[in-house]
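Order of appearance sets the numbers: ligands from 1, and atoms from 1 within every ligand.
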Amino acid sequence: MTRVRRIELRLVGLPLVRPFRTSMGVSTRKECVLVRVETDEAEGWGECVADLEPDYSAEWNASAWDVVTTFLGPALLAADDVSPATVERLLAPWRGNRMAKATLVDAVLDAELRARGASLASMLGGDKDAVVCGVSVGIADTTDALREQVDGYLAEGYRRIKLKIEPGVDVERVAAIRKDHPEILLSVDANAAYSLADEDVFRALDDLGLLMIEQPLHHEDLVDHATLQARISTALCLDESIRSAADASAAIELGSCRIVNIKQGRVGGVLEARRVHDVCAAAAMPVWCGGMLETGVGRATNLALASMPGFTLPNDTSASSRYFPEDLTDPFVLERDGTMRVPDGPGIGVTPDPARLEAATLRRETLEL
Ligand code: SMG
Ligand code: MG
């Protein structure tokens, strides 16, 4: 029987090394909720993938903060036994809010693993000690500016380039990069900016030898994606539309995609992410680990997840230097061969540097037994 004694929330802010533009808008800084739980046995860390605005999903930093402090946190503090086996059930009475729930699930899991001295990767049955990394490149002002960024990332060793696209800034840009680099793994991510009426765009992209087209249609759609997948030969990958293992099963059944992007924060934490992985593995559907511009805490979690056997495509697990002048943890570094080491210490294997954490903290609150 393990109790949660204390839950510390912090809103942290970090500048980004360069603005990140997607079809949803431009991000110039990272702000997210970090949670530290103290159980009878150990401390555990969780990072919320919600952002400054409810654009990628309905959740955002203030909603995550509110639902943790008002409902989810008090429920954990009141429970007699909080463990990886019980935590999801304790949070289940409240619907949705998967990003907020993920933060607590991951923190409880981290604490339990730290107490046992086991790494998250080993608990998940990871079969690699390093994972292959890609990089997600924001929409640039000009094709030449995009070229320069892509060339820089390829020189660093990234093994897959993903270009963000939006209506009007798509085929021509992608074709230019494909012409420069006929052999690389190249994909695009639309963040739900298109509809079935954009068939010409999809037909043109279909000729560019892309690894995948990520989330072209509505952020909750499965049916139109199935229609589109039947019309083009390039694999569709779903990101926003997959909020659970049940969604993944439905997507498989409907033929909505041929690849799944797993973000543990989007599906309610690492335990549900493992179920998404398992559902996909049973259907021989390749998966890869997406990113939400996480600090080192979330990155460590993602690397452990990506070490699982079904993660066979390059992941959006880029180096700390791709995101931040200075990360909250020791920086994650890209190896020359385009891989990144999976942390092997207890739990997620990293903790924030106390001074950097303090300097980045914008707001804090502690919930106690
Ligand atoms: O963490 O490297 C990263 C970012 C990867 O493109 C990325 N994420 O839809 O996959 C996606 C986006 C969502 C974040 S936009 C704020
Ligand atoms: Mg995406």
Which protein non-hydrogen atom lies closest to [atom], naming both residue and atom, and how far is it?
{"atom": "atom 1 (O) of ligand 1", "answer": "L293 N, 2.7 Å"}
{"atom": "atom 8 (N) of ligand 1", "answer": "G291 O, 3.1 Å"}
{"atom": "atom 16 (C) of ligand 1", "answer": "D51 OD2, 3.7 Å"}
{"atom": "atom 12 (C) of ligand 1", "answer": "K164 NZ, 3.2 Å"}
{"atom": "atom 2 (O) of ligand 1", "answer": "Y323 OH, 2.6 Å"}
{"atom": "atom 14 (C) of ligand 1", "answer": "M292 SD, 3.8 Å"}
{"atom": "atom 9 (O) of ligand 1", "answer": "N191 ND2, 2.7 Å"}

Looking only at distances, can you tell me whether any N or O atom of [X], backbone or side chain, sits closer than 3.5 Å to an N or O atom of ligand 1?
{"X": "R299", "result": "no"}
{"X": "S27", "result": "no"}
{"X": "T22", "result": "no"}
{"X": "S136", "result": "yes"}

Next on the checklist: So, taking the atom named CD1 in I165 and the one named OG in S23, what distance separates them when rounded to the nearest 0.5 Å?
Outcome noted: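 One gets 8.5 Å once the value is rounded to the nearest 0.5 Å.
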Item to check | Under-4.0 Å heavy-atom contact with ligand 1, by part of V135 that carries it | outcome: neither
Checklist entry - Where does D189 meet ligand 1, judged by heavy-atom distances below 4.0 Å: at the side chain, the backbone, both, or neither? => result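 The answer is the side chain of D189.
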Next on the checklist: Quick check for you: with the Mg ion (ligand 2) as the vertex, what angle do OE2 of E214 and OD2 of D189 span, to 10°?
Outcome noted: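 Between OE2 of E214 and OD2 of D189, the angle at the Mg ion (ligand 2) is about 90°.
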Ligand 1 atoms in contact with [X] (distance to a heavy atom under 4.0 Å):
{"X": "D239", "result": "9 (O), 10 (O), 11 (C)"}
{"X": "F20", "result": "6 (O), 15 (S)"}
{"X": "E214", "result": "10 (O)"}
{"X": "D316", "result": "2 (O), 5 (C), 7 (C)"}
{"X": "K162", "result": "6 (O), 7 (C), 10 (O), 11 (C)"}

Checklist entry - Out of curiosity, is Q215 lining ligand 1, as in a heavy atom under 4.0 Å away? => result no
Please determine if [X] and [Y] form a salt bridge, counting it only when a charged side-chain N lies under 4.0 Å from a carboxylate O.
{"X": "R36", "Y": "E38", "answer": "yes"}
{"X": "R3", "Y": "D80", "answer": "yes"}
{"X": "D40", "Y": "R5", "answer": "yes"}

Answer with yes or no whether the side chains of [Y] and [X] bring together a donor and an acceptor at under 3.5 Å.
{"X": "Y323", "Y": "R299", "answer": "yes"}
{"X": "D344", "Y": "S119", "answer": "no"}
{"X": "S241", "Y": "Q215", "answer": "yes"}

Checklist entry - Which pair of non-hydrogen atoms, one from K164 and one from R21, has the smallest distance, and what is that distance? => result CB-O, 4.0 Å
Next on the checklist: To check you understand the geometry: which heavy-atom pair defines the closest contact between K30 and E47, and what is its length?
Outcome noted: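 Looking at all heavy atoms of both residues, the shortest contact is CE-OE2, 4.0 Å.
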Checklist entry - Can you tell which of M24, H219, K263, R322 gets a heavy atom nearest to atom 10 (O) of ligand 1? => result K263
Checklist entry - Does the T70 side chain pair with the main chain of V67, one donor and one acceptor, at a distance under 3.5 Å? => result no
Item to check | N261 (side chain) donor-acceptor with L238 (main chain) under 3.5 angstrom | outcome: no
Item to check | Derivation of the salt bridge (charged side-chain N to carboxylate O under 4.0 Å, His left out) call for R203 and D200 | outcome: CA-CA 5 Å; R203 294 224 174 276; D200 340 342; over 6 Å; no
Item to check | the Mg ion (ligand 2) to nearest N/O/S of E240 below 2.8 Å | outcome: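 Checking the Mg ion (ligand 2) against E240, no N, O or S atom falls under 2.8 Å.
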Checklist entry - Is the Mg ion (ligand 2) under 2.8 Å from any N, O or S atom of D316? => result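 Given the 2.8 Å cut-off, D316 does not count as a ligand of the Mg ion (ligand 2).
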Next on the checklist: Could you check whether R266 makes a cation-pi contact with Y56, meaning its NZ or CZ is under 6.0 Å from the centre of the six-membered ring and within 45° of the ring axis?
Outcome noted: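 Verdict for Y56: no cation-pi partner in R266.
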Next on the checklist: For D337 and T339: C-alpha separation, side-chain torsions, deciding distance, then whether side chain to side chain donor-acceptor pair (under 3.5 Å) applies.
Outcome noted: CA-CA 6 Å; D337 67 354; T339 65; 2.7 Å; yes
Next on the checklist: From the N, O or S atoms in D239, identify the one nearest to the Mg ion (ligand 2).
Outcome noted: OD2
